[in-house]
There are 2 protein chains.
Amino acid sequence: MTNSQRTDRAPATPPATARGGKRERLAAAAARMLHEQGVEKTTLADIARAANVPVGNVYYYFKTKDELIEAAIGAHAEGLHAMIASLEELPTPQERLKELIGGWVRQRDLAVQFGCPFGTLCSELDKRADGLDRTAAEVMRIFIDWSEQQFQAMGRDDSRDLAVALLAAYQGISLLTNTFRDPELMVREGDRLERWIDSLA
Amino acid sequence: MTNSQRTDRAPATPPATARGGKRERLAAAAARMLHEQGVEKTTLADIARAANVPVGNVYYYFKTKDELIEAAIGAHAEGLHAMIASLEELPTPQERLKELIGGWVRQRDLAVQFGCPFGTLCSELDKRADGLDRTAAEVMRIFIDWSEQQFQAMGRDDSRDLAVALLAAYQGISLLTNTFRDPELMVREGDRLERWIDSLA
DNA sequence: GTCTATACTAAGATAGAC
DNA sequence: GTCTATCTTAGTATAGAC
């Protein structure tokens, strides 16, 4: 996630000129709008409105729509790192994985409305000619790698396959929860996955 | 899947005027192009070209792009019914489900390139204002219902949950196979699912 | 029933005033 | 650094010739 737009004269704080962190607001708004409306249906005007930034001002921060999408991927990556850091505080890998699943279940209403925020993005970016789908894949890989570590810590020698299966189960049930508009699908699959985690020890 | 465009004077055969079954060709081409390029990036011109039908002629058969999408959903439904009919010829539910999984694995290169033909469509239709996502959900339900019957025939009282889990596993691994451009993910998850089927009996 | 030309609309992007 | 006005492109859809 390069940051070529920023002057970076004052590290760790936004440039004095960027009052109110408009760049950050635009990136966060982009992530939200791309999830809710999809990549192709979301216009720069939609994102500007959601970020409370005048439409014509967007191009000062991002030269193209692609750059805004890249910033949205970066926002997802940050959220992912925060989630992982929070899970790391739990003592055992089983607890960490089950808390992960619990988080998915608690977010089920969002899945009902729009599917998985990051999975739908990966799916849509694949249809675009730009290389943003590769950037998104890198972020997805961070998550798989972390899950693999958890299964490894549980002593499984098929940890990679299990990590892929866990993420696939979540992506798939997110799609079905969204397609059928039924939050219970996520609840029941979450229960099943937690029992599965317990059975692996 | 209404057919209001057709005169239906000669049931079970296309109207004499529709030489070469252009309507059917357009529906099949639409299904293919929507999968490969996504709903929003696919233009009517793309579909017309893929179907070998002159661009301006499309509107004679379909009044709007939405009607073409609906016809594509219908084409998917037909393919689904054909697949189910073929699986029904196998003697046991275990064999039917494992052959289903085998079919998914054999189609892995398509998943690498574009994801699941129908799952990506459901995901994209959700972002549109029209009600086509509900039509797609009906088709998806046909598949779940059939899977549920198989698990029920195996004597499982949690057949619905298992059917949902199986379809979710496929949708999820299709997304990951596509995101990571790695057909092996589908192969390994297919193996895992077949072992899972065996373990349920 | 088939096809061409074109009207209409909307979105991405840019120039330049403030 | 902020914002308005506008250019350009592209896609859906329609009118009407053949």
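Note on naming: letters A, B, ... go to the chains in the order of the sequence lines (proteins, then strands), and numbering restarts at 1 for each one. Everything numeric here is computed off the predicted structure, so don't read it as measured data.
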Legend entry - Contact list for DNA chain D against residues 122-131 of chain B - heavy-atom distance below 4.0 Å: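 Correct list: empty, so none.
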
Legend entry - Arg188(A) atom CZ, neighbour heavy-atom count above 12 within 6.0 Å: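 Count not over threshold, so no.
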
Please report, rounded to the nearest Å, how far the [atom2] atom of [N] is from the [atom1] atom of [X].
X        : N       : atom1 : atom2 : answer
Leu26(A) : dC3(D)  : CG    : P     : 12 Å
Asn57(B) : dA15(D) : CG    : P     : 17 Å
Asp46(A) : dA11(C) : CG    : C1'   : 10 Å

Inset, instruction - Could you verify whether a donor N or O on one side chain and an acceptor N or O on the other, from Thr92(A) and Glu95(A), lie under 3.5 Å apart? - result: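 Looking only at side-chain atoms, Glu95(A) and Thr92(A) do form a donor-acceptor pair, the distance falling under 3.5 Å.
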
Legend entry - Residue list, side chain to side chain donor-acceptor pair (under 3.5 Å) with Glu189(B), at least two apart or on another chain: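 Applying side chain to side chain donor-acceptor pair (under 3.5 Å) to Glu189(B) gives Arg192(B).
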
Legend entry - CD-CG distance between Gln152(A) and Leu162(A), expressed to the nearest 0.5 angstrom: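 Rounded to the nearest 0.5 Å, the CD-CG separation comes to 11.0 Å.
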
Legend entry - Distance (rounded to the nearest 0.5 Å) between Tyr170(B) OH and Phe118(B) CZ: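 Between atom OH of Tyr170(B) and atom CZ of Phe118(B) there are 11.5 Å.
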
Inset, instruction - State whether Arg128(B) and Asp66(B) are salt-bridged, where the test is any N-O pair (Lys NZ or Arg NE/NH1/NH2 against Asp/Glu carboxylate O) under 4.0 Å. - result: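 The answer is yes: the pair qualifies as a salt bridge.
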
Legend entry - Pair Arg181(A) + Asp126(B): basic N to acidic O under 4.0 Å: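 Answer for the salt bridge query: yes.
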
Inset, instruction - State whether Lys41(B) places a side-chain N or O below 4.0 Å from either non-bridging phosphate oxygen (OP1 or OP2) of dA10(D). - result: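 No, no such contact exists.
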
Legend entry - Heavy-atom protein contacts under 4.0 Å, nucleotides 12-18 of chain C, coded B base, S sugar-phosphate only, - none: SBB----

Inset, instruction - May I have the step-by-step check of side-chain contact (heavy atoms from CB on, under 4.5 Å) for Val164(A) and Ile173(B), ending in yes or no? - result: CA-CA 8 Å; Val164(A) 169; Ile173(B) 201 65; 3.4 Å; yes

